[in-house]
Amino acid sequence: MSLPAAKAAPAMPFASQPHGGGILLRRPSSPPVPAAALRLGPLFWPWEKVKVGPLSVSPMGFGTWAWGNQLLWGYQESMDTELQDCFNLALKNGINLFDTADSYGTGKLNGQSERLLGKFISEGPIKSPDDVVITTKFAAYPWRLTSGQFVNACKSSLDRLQIDRLGIGQLHWSTANYAPLQERALWDGLVDMYDKGLVRAVGVSNYGPKQLLKIHSYLASRGVPLSTAQVQFSLLSMGNEQMELKTVCDSLGVRVIAYSPLGLGMLTGKYDASNLPNGPRSVLFRQILPGLESLLSCLKSIAVRKGKTMSQVAINWCICKGAIPIPGVKTVRHVEDNLGALGWRLSTDEISELEAAAMECPKKMVQNIFQTA
């Protein structure tokens with residue numbers, strides 16, 4: 001029997017809630033919560049965890065692209081204390097999946113995201129490193145030409161993360177579009193790191209359905225299961241290719257991990273044409289935001305109806321589509337808000353309503369330049 005869903009708890013209840021459970025309470029000053037939005041118990045029950053290969057992970061993870069990225073996300077080392085608070089708060093609320101990459105971090109800060117996660121794991125409130133599932137992505141740099149070099153990249157990530165084994169090791173992108181001969185070496189690298197016990201599962205990122213079928217077949221011939229496919233997936237990135245990939249993944253038993261589920265922030269309701277983010281994102285926002293009136297209005301309407309925020313509705317859509325969203329977090333407030341996407345479900349009619357509004361958007365999210373067919 002399912003329980004009624006919960007309204008997103010404000011800062012104090014999330015911060016004080018014991019790991020895995022407790023009752024979410026509202027501050028007296030909070031607006032009334034719709035009756036259908038009340039939920040007793042944890043944000044998700046143990047049986048609601050998602051099976052990813054040999055792993056069981058929370059229905060939502062958190063992305064750490066911003067941790068070390070000064071150019072796009074304005075990272076400064078002074079943020080590290082709050083980033084550690086983000087990590088600890090996520091753990092306390094049952095989140096055990098954290099996504100990173102060996103290329104995250106700009107300039108001299110390359111690899112900073114992994115280093116910070118390693119620090120937080122070693123200093124955090126966990127009994128064993130296996131309590132946290134780290135998925136990292138290995139860049140297909142042009143100088144990584146052999147499987148051995150790819151395995152060494154994995155070992156370097158493990159050093160930065162201060163752990164002995166990764167949850168999921170992923171190929172960050174395919175070289176099929178520009179260096180097809182390199183691709184096989186990278187696949188062999190995934191096989192080797194799996195066979196050596198450096199990773200518990202392997203996956204890919206930015207693969208389209210055709211290339212996914214190829215690597216799935218090759219890995220299967222080597223006795224290695226493909227567990228995940230990470231792709232840009234949101235109400236702003238739900239075109240034919242994304243939906244075809246989702247169908248292929250479902251047929252193969254591969255779990256989709258949805259990065260940028262909030263469209264780099266465009267689906268939060270925080271921005272408009274007169275209020276754009278700083279940095280390179282503003283160029284993209286200026287092109288796409290003017291055409292999002294219908295979608296943002298739909299998100300807001302459903303959010304009000306459900307007693308949720310627009311971000312929570314957008315993330316919950318990903319969950320309802322069978323994907324694991326990994327919204328990025330930089331502040332405790334981000335964590336608190338995103339946690340409110342758990343513990344409830346959009347109705348079939350609401351999903352259809354959102355997708356109809358999304359289809360009306362004249363411009364969609366720009367796809368990753370390394371995305372393959």
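These numbers were taken from a predicted model, which means no experiment stands behind them. Heavy atoms only: backbone and side chains are in, while hydrogens, waters and symmetry mates are out.
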Report summary line: From the list Gln112, Lys137, Arg115, side-chain hydrogen bond (donor to acceptor under 3.5 Å, both in side chains) partner of Tyr104 resolves to Lys137
Which atom names give the shortest non-hydrogen contact between [X] and [Y], and what distance separates them?
| X | Y | value |
| --- | --- | --- |
| Gly203 | Ile168 | N-CG2, 4.1 Å |
| Trp187 | Tyr207 | NE1-OH, 3.0 Å |
| Asn110 | Asp102 | OD1-O, 3.5 Å |
| Glu77 | Leu109 | OE2-CD2, 4.1 Å |
| Asp192 | Ser147 | OD2-OG, 3.2 Å |
| Ser58 | Ile95 | OG-CA, 3.6 Å |

Do [X] and [Y] make a side-chain contact, defined as non-hydrogen atoms from C-beta onward lying under 4.5 Å apart?
| X | Y | value |
| --- | --- | --- |
| Val224 | Leu190 | no |
| Ser205 | Trp173 | no |
| Gln170 | Val202 | no |
| Tyr141 | Gln149 | no |
| Leu236 | Leu262 | no |
| Ile319 | Pro325 | yes |
| Leu213 | Leu252 | yes |
| Ile121 | Gln162 | no |

Check whether any side-chain N or O of [X] sits under 3.5 Å from a backbone N or O of [Y] as a donor-acceptor pair, and report yes or no.
| X | Y | answer |
| --- | --- | --- |
| Glu114 | Arg160 | no |
| Gln312 | Asp337 | yes |
| Lys49 | Phe44 | no |
| Asn69 | Gly105 | no |
| Glu82 | Lys330 | no |
| Thr106 | Gln70 | yes |
| Thr175 | Tyr178 | no |
| Ser217 | Lys214 | no |
| Lys321 | Ile351 | no |
| Asn88 | Gly124 | no |

Query - side chain to side chain contact (heavy atoms under 4.5 Å, CB included) between Cys86 and His334, worked out - result: CA-CA 8 Å; Cys86 289; His334 287 160; 6.0 Å; no
Measure the [atom1]-[atom2] distance between [X] and [Y] for me, rounded to the nearest 0.5 Å.
| X | Y | atom1 | atom2 | result |
| --- | --- | --- | --- | --- |
| Ile215 | Leu171 | CD1 | CG | 6.0 Å |
| Leu342 | Asn93 | CG | CG | 9.0 Å |
| Met193 | Leu158 | CE | CG | 9.0 Å |
| Asp349 | Leu354 | CG | CG | 11.0 Å |
| Leu97 | Ser56 | CG | OG | 11.5 Å |

With the threshold set at 4.0 Å, does a side-chain nitrogen-carboxylate oxygen contact exist between [X] and [Y]?
| X | Y | result |
| --- | --- | --- |
| Lys246 | Asp250 | yes |
| Glu350 | Arg305 | yes |
| Lys119 | Asp80 | no |

**Report entry** Near-ring test Phe150/Phe138, centroid separation under 6.0 angstrom
**Finding:** yes
Query raised in the report: Are the aromatic ring centres of Trp317 and Phe233 under 6.0 angstrom apart?
Result: yes
**Report entry** Cation over ring face, Arg184 and Tyr218, 6.0 Å, 45°
**Finding:** yes
Would you kindly say whether [X] and [Y] are connected by a side-chain donor-acceptor distance under 3.5 Å?
| X | Y | answer |
| --- | --- | --- |
| Asp272 | Ser274 | yes |
| Ser260 | Gln232 | no |
| Thr100 | Thr136 | no |

Would you say [X] has more than 12 foreign heavy atoms packed within less than 6.0 Å of its [atom1]?
| X | atom1 | value |
| --- | --- | --- |
| Lys210 | NZ | no |
| Asn278 | CG | no |
| Met359 | CE | no |

Query raised in the report: Do Leu339 and Val132 sit in the same hydrophobic cluster, where Ile, Leu, Val, Met, Phe, Trp and Tyr count as joined when their side-chain heavy atoms come under 4.5 Å apart?
Result: yes
Requested in this report: Evaluate the ring planes of Phe98 and Phe87, with Trp represented by its six-membered ring, and classify them as parallel (under 30°), tilted (30 to 60°) or perpendicular (over 60°).
Outcome: tilted
